[in-house]
Amino acid sequence: MPHPEPVARRLYELTEPISLVNFFSPEPNDSMAALGFRNYWDGYFAGRSAPLGRVPAEVVHAAFYNFADGEVARHIPKVWDTTTPEAAHAAREQGCVAALRRILGDLVETPGLARAADLLATASTSAPTEGRVMYAGLRALPMPEEPVARLWHAANMLREHRGDGHIAALVSERIGGIEAHVLSALDMGIYPAESFGRIHHLPEARLAEVMNGLRDRGLLDESGRFTDAGRATKSRIESQTDALAEVPYDGLEPAELDELITSLEPISRRLEATGSE
């Protein structure tokens with residue numbers, strides 16, 4: 001049965017700190033370094049794209065959506081000279097589980113965490129895979145039995161499921177990957193948007209092209225801030241993203257959904273307190 005719209009947003013708020021250990025904690029980086037990677041981005045592209053297998057850089061670029069032209073190709077397929085997709089995913093999982101165990105401490109052995117992992121696993125395997133490339137790649141992998149690994153894998157699946165839907169929402173509004181970073185930066189209060197960490201390194205000419213394109217469409221004013229149309233576009237994208245992220249939670253009964261939220265809250269609070277580091 002459909003749930004009220006805020007459910008997908010609330011579950012995103014609760015599960016995102018679990019997934020963020022992928023990027024903020026040292027253990028995943030250490031695991032990737034143990035495979036032979038000497039920089040963060042090689043490990044990032046190997047670990048995140050691993051469920052897709054040995055696909056060309058163009059496929060990873062399309063699936064990830066928000067990297068500038070040529071950025072993916074600096075790492076894919078080069079990373080597969082160092083390790084295999086299977087080993088990269090295993091190392092990423094091992095590092096993330098180690099990080100979660102360290103941060104969550106006494107919560108790891110509680111019935112609440114085990115229950116959250118089971119319910120999240122049910123939700124994360126309840127959605128169709130059609131049109132969800134990253135989600136489908138993760139769905140093809142076995143669901144771990146160990147509770148912390150299960151929690152991480154399920155949260156990661158839901159993150160990529162939401163991400164696939166977010167890309168669909170961006171495409172429907174004709175917002176490209178770099179443009180999406182500009183809108184997100186402004187939405188977060190980062191000004192000028194060109195200073196945002198995900199794009200500030202891009203050539204000035206490329207950033208100017210993106211900003212001018214958004215101005216020409218009436219989404220930004222001359223100063224590079226949102227117009228009313230720009231804010232409305234960003235709002236539509238976020239609303240559509242939430243709506244498209246709702247489907248996994250239809251696999252839970254209302255009482256199970258309430259139990260999932262209750263079980264995840266202390267886990268999320270602990271991770272948020274440390275910044276998932």
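Just so it is clear, the values below take in all heavy atoms, side chains as well, and ignore hydrogens, waters and symmetry mates. Remember, predicted model here, so these are calculated numbers, not experimental data.
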- Query: Would you say the side-chain atoms of Ser276 pair up with the backbone N or O of Pro17, donor to acceptor, closer than 3.5 Å?
  - Reply: yes
- Query: Quick one: are Arg102 and Pro26 in side-chain contact, heavy atoms under 4.5 Å?
  - Reply: yes
- Message: Before you tell me yes or no, could you show the steps for Glu265 and Arg270 under salt bridge (Lys or Arg N to Asp or Glu O under 4.0 Å), namely the whole-Å CA-CA distance, both residues' side-chain angles and the distance that decides it to 0.1 Å?
- Response: CA-CA 9 Å; Glu265 283 175 341; Arg270 181 73 60 87; over 6 Å; no
- Item | Ala121 versus Met143, closest heavy-atom pair with distance | CB-CE, 3.8 Å
- Going by heavy atoms in the side chains, are Glu259 and Thr262 under 4.5 Å from each other? no
- Non-hydrogen side-chain atoms of Leu138 and Leu141 separated by less than 4.5 Å: yes
- Query: If we only count heavy atoms from C-beta on, is the Pro128 to Val247 side-chain gap below 4.5 Å?
  - Reply: yes
- Query: Tell me, do Glu93 and Pro28 make a side-chain contact under 4.5 Å, heavy atoms counted?
  - Reply: no
- Item | Closest heavy-atom pair and its distance - Ile76, Pro56 | CG2-C, 4.1 Å
- With rounding to the nearest 0.5 Å, note down the distance linking OG in Ser239 to CZ in Arg9. 8.5 Å
- Query: Is Glu194 paired with Arg206 through a side-chain N to carboxylate O contact shorter than 4.0 Å?
  - Reply: no
- Item | Pairs flagged by side-chain hydrogen bond (donor to acceptor under 3.5 Å, both in side chains) wherever residues 151-164 is involved - sequence neighbours left out | Glu16-Arg159, Asn22-Trp152, Asn22-Asn156, Arg48-Glu160, Arg162-Asp242
- Between Glu71 and His201, does any side-chain donor sit less than 3.5 Å from a side-chain acceptor? yes
- Note on the structure: Under a side-chain separation threshold of 4.5 Å, the hydrophobic residues clustered together with Tyr65 are Ile167, Leu170, Val171, Ile175, Ile178, Val182, Leu183, Leu186, Met188, Ile190, Tyr191, Phe196, Ile199, Leu202, Leu207, Val210, Met211, Leu214, Leu219, Leu220, Phe226, Ile237
- Message: Using modelled atom types and a 3.5 Å cut-off, is there a donor and acceptor pairing between side-chain atoms of Ser268 and backbone atoms of Leu264?
- Response: no
- Nearest heavy atoms of Ala155 and Ser19, plus distance in Å: O-OG, 3.4 Å
- Query: Any salt bridge between Arg269 and Glu272, counting N to O under 4.0 Å?
  - Reply: no
- With distance as the sole test, does Ser235 use its side chain to make a donor-acceptor pair with the main-chain N or O of Arg231 at under 3.5 Å? no
- If the plane angle is over 60° it's perpendicular, under 30° parallel, otherwise tilted; pick one for Phe67 and Tyr44. tilted
- Message: Once rounded to the nearest 0.5 Å, what's the spacing between atom NE2 of His89 and atom OG1 of Thr84?
- Response: 11.5 Å
- Note on the structure: Taken in chain and number order and not counting sequence neighbours, the residues that satisfy ring pair (Phe, Tyr, Trp, His ring centres under 6.0 Å) with His75 are Phe45
- Message: Using modelled atom types and a 3.5 Å cut-off, is there a donor and acceptor pairing between side-chain atoms of Thr129 and backbone atoms of Arg132?
- Response: no
- Query: Does CG belonging to Asp106 count more than 12 external heavy atoms closer than 6.0 Å?
  - Reply: yes
- For the hydrophobic clusters of this structure (ILVMFWY residues joined by side-chain heavy atoms under 4.5 Å, transitively), does one cluster hold both Ile267 and Tyr12? no
- Query: From Thr15 OG1 over to Leu158 CG, what is the distance, rounded to the nearest 0.5 angstrom?
  - Reply: 6.0 Å
- Message: Donor-acceptor pair, distance only, cut-off 3.5 Å: does the side chain of Arg139 make one with the backbone of Ala127?
- Response: yes
- Hey, any chance Phe37 and Val72 share a hydrophobic cluster, counting ILVMFWY side chains that come within less than 4.5 Å of each other, even indirectly? yes
- Taking side chain as C-beta onward, heavy atoms only, is Leu120 less than 4.5 Å from Met157? no
- Query: Nearest 0.5 Å, what's the CG-CG distance between Leu151 and Leu119?
  - Reply: 11.0 Å
- Item | Test item: Ser49 and Trp80 side chains (from C-beta on) under 4.5 Å apart, heavy atoms | yes
- Side chain of Ser263, backbone of Leu113: donor and acceptor closer than 3.5 Å? no
- First locate atom NZ of Lys234, then atom CD of Glu173, and finally report the distance between them rounded to the nearest 0.5 Å. 11.0 Å
- Are the side chain of Glu256 and the backbone N or O of Glu253 linked by a donor-acceptor pair below 3.5 Å? yes
- Query: Are any of the side-chain nitrogens in Glu109 or Arg101 under 4.0 Å away from the carboxylate oxygens of its partner?
  - Reply: yes
- Message: Tell me the closest heavy-atom pair linking Gly43 and Met32, and the distance in Å.
- Response: O-CE, 3.5 Å
- Note on the structure: For Ala50 and Pro85, the nearest pair of non-hydrogen atoms, with its separation, is CB-O, 3.2 Å
- Task: Check whether any side-chain heavy atom of Ser126 lies under 4.5 Å from a side-chain heavy atom of Asp250, and answer yes or no.
- Result: no
- Message: Listing request: all side-chain hydrogen bond (donor to acceptor under 3.5 Å, both in side chains) pairs with a residue in residues 30-41, at least two apart in sequence or in separate chains.
- Response: Asn39-Asp42
- Is there any salt bridge (Lys or Arg N to Asp or Glu O under 4.0 Å) pair reaching into residues 117-130, and which pairs are they, with sequence neighbours excluded? Asp118-Arg150
- Note on the structure: side chain to side chain contact (heavy atoms under 4.5 Å, CB included) filter on Ala98, not counting sequence neighbours, yields Glu27
- When rounded to the nearest 0.5 angstrom, what is the spacing between CG in Leu11 and CG in Leu257? 6.0 Å
- Query: Any sub-3.5 Å donor-acceptor pair from His181's side-chain atoms to Asn66's backbone N or O?
  - Reply: yes
- Query: In terms of hydrophobic clusters joined by side-chain contacts under 4.5 Å, are Ile103 and Leu100 together?
  - Reply: yes
- Do Val7 and Leu260 belong together in a cluster built from hydrophobic side chains that touch within less than 4.5 Å? yes
- Considering all heavy atoms of both residues, which atom of Ala168 and which atom of Leu244 are nearest to each other, and what is their separation? CB-CD1, 4.3 Å
- Task: For the residue pair Thr233 and Arg236, confirm or rule out a side-chain donor-acceptor distance under 3.5 Å.
- Result: yes
